[in-house]
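One structure coming up, written as structure tokens, with questions to follow.
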Amino acid sequence: MNWLSKDRNCIWHPFTPQKDMDDPIFIERGEGVWLIDEKGNRYLDAISSWWVNLHGHAHPYIAKALFQQASKLEHIIFAGFTHAPAIRLAEALLSILPKRLSRVFYSDNGSTSTEVAMKMAIQYWWNKEGRESNGRKKLLAFRNSYHGDTFGAMSVSDRSVFTLAFHDLLFEVVFIDTPEEGNIESLEAIIDREGDGIAAFIYEPLVQGAGGIRMYEAKWLERLIRKARSKSIICIADEVMTGFGRTGKLFASEYMEEQPDIICLSKGLTGGVMPLGVTACADFIYQAYVTDDRLKTFFHGHSFTANPLACTAALASLELLKEEAAIQGIRRITESNIRFLTRLQAMATNNEAPIKNPRALGTILAFEISSGKDEYLNKVSPVVTRMAMEKGIYIRPLGNTVYLMPPYCISDRELALLEECICEILMKF
Ligand SMILES: *Cc1c(COP(=O)(O)O)cnc(C)c1O
């Protein structure tokens, strides 16, 4: 039996309708931006394998660091024990994160990093105000948001096709539109009105990822953070997608003066090599847990908390991120995006291709194909993916939203290839 029929018999793939599904692509190895199947076909990974990969696949520097660490210590319990990779990584992260953040809590993916953030914030109020208090329990979040697939993360994610089966079971959230010139004052008024009951405000700064790569401006978000802070609401930046250079700065929060009280990291944290989540918080939150009352302990942890291999991959990835090659890569993609954006805007204006709302920030570029409704279930997505695969490019539109988010090691030639491929596909619509 070949690999694909074996896969069919035993595996359930994520986010994949199981009836009439296309065969998955069997990938044998990766090399830089390329994924290579068993027949030797090469596909340019233009979405960094679901936004995680920074430096290319099977990077020898990270591989070597992993091998050395695996031969020394692969994993231990992290309650009552510690190890060098976890300590070194926490120090390295705190030296580049916004100054307000001073303490690192580890978990193992993006959803757990946001779950931890929300639990940390809710229990902060419980620890402070006492067990009998009804206190602050609600969360504030944006429409169109996505914070992960576990129950807490689903609750603060917009009610969408992803969460439809679970709506009755999700906790109460105050949802507001993403801010812009026309609505900023009404959003501030909502925070003023509801603020005393709100424990925390969770947001994807500047780019809402799975909600359709929607972008909004830093100056409006900054006003909301300031307003939330005036009501003592804990501000949680979910930088699971935007972290580690994606938006052109190391963290999207750097586009603003107002810093978050908690930040959530995953995806690019390990360069996309190992699963790892980080929730870093400000000291005032941590201090609410430093008490003689043992019931005020943060009773949360995962078997693989601070896995030494994952921490090692993250340290190696951070080293690579500081090198000229990565810095130049981010700059190269950003500049290429600005040029491509101009071209897309001209195509839209001249009706050369059915596209809407082209946009870019740093290494992220997106636009909608005007075909059917703007929604995740739009049938354009699998069609575009198939057309691109035939040209040796891997993209995976969110409904009719096509986006590019390549690893930083992509060359100018590969960027040009990508652009031509997208334009050729657009000409067929
Ligand atoms: C992907 C994502 C998550 C969830 O991360 P997982 O590792 O897939 O659980 C949470 N928040 C944002 C902003 C994301 O993009």
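In this chain, residues are counted from 1 in sequence order.
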Exercise. Going by distance alone, is a donor N or O of one side chain under 3.5 Å from an acceptor N or O of the other, for His59 and Asn53?
Worked result: no
For this session: Give, for atom CD1 of Ile225 and atom CD1 of Ile191, the distance between the pair rounded to the nearest 0.5 Å.
Result: 9.5 Å
Problem set entry | SB check Arg143 Asp177 (cutoff 4.0 Å) | yes
For this session: Check whether any side-chain N or O of Asn127 sits under 3.5 Å from a backbone N or O of Lys296 as a donor-acceptor pair, and report yes or no.
Result: yes
Exercise. Tell me, do Phe78 and His302 make a side-chain contact under 4.5 Å, heavy atoms counted?
Worked result: no
Exercise. Would you say Ser113's side chain and Cys264's backbone share a donor-acceptor pair under 3.5 angstrom?
Worked result: no
Problem set entry | Close side-chain approach of Glu204 to His147, heavy-atom, < 4.5 Å | yes
For this session: Would you check if Leu415 and Arg332 make a side-chain contact, meaning some heavy-atom pair closer than 4.5 Å?
Result: yes
Exercise. How far apart are the closest heavy atoms of Lys267 and Met241, and which atoms are they?
Worked result: CD-CA, 4.3 Å
Problem set entry | Glu324 atom CD, neighbour heavy-atom count above 12 within 6.0 Å | yes
Exercise. Any side-chain heavy atom of Met154 sitting closer than 4.5 Å to one from Phe162?
Worked result: no
Exercise. Does a sphere of radius 6.0 Å around OH in Tyr61 hold more than 12 heavy atoms from other residues, nucleotides or ligands, not counting ones at 6.0 Å or beyond?
Worked result: no
Exercise. If you measure from the Lys or Arg side-chain nitrogens to the Asp or Glu carboxylate oxygens, is any gap between Glu239 and Arg246 under 4.0 Å?
Worked result: no
Problem set entry | Pair His55, His57: side-chain N/O donor-acceptor within cut-off below 3.5 Å | no
Problem set entry | Exceeds 12 heavy-atom contacts within 6.0 angstrom, atom CD of Gln18 | yes
Problem set entry | Polar side-chain atom of Thr385 near backbone of Ile395 as donor-acceptor pair, under 3.5 Å | yes
Exercise. Under 3.5 Å, is there a donor-acceptor pair linking the side chains of Asn337 and Thr334?
Worked result: no
For this session: Start with the C-alpha distance between Asn307 and Leu276, add both sets of side-chain angles, then the distance that settles side-chain contact (heavy atoms from CB on, under 4.5 Å), and finish with yes or no.
Result: CA-CA 8 Å; Asn307 174 257; Leu276 183 66; 5.6 Å; no
For this session: Report yes if the side chains of Glu188 and Leu224 come closer than 4.5 Å at any heavy-atom pair, otherwise no.
Result: yes
Exercise. Atom CD in Glu185, atom CZ in Arg223: separation rounded to 0.5 Å?
Worked result: 5.5 Å
Problem set entry | Side-chain H-bond candidate by donor/acceptor type, Glu115 with Thr112, under 3.5 Å | no
Exercise. Which atom pair, heavy atoms only, marks the closest approach of Gly195 to Arg136?
Worked result: O-NH1, 3.1 Å
Exercise. Are Arg343 and Glu419 close enough for a salt bridge, meaning some N to O gap below 4.0 Å?
Worked result: yes
For this session: Could you check Asn400, Thr401, Asn378 and say which one makes a side chain to side chain donor-acceptor pair (under 3.5 Å) with Glu368?
Result: Thr401
Exercise. Just wondering, are more than 12 heavy atoms of other shown residues or ligands nearer than 6.0 Å to CZ in Phe299?
Worked result: yes
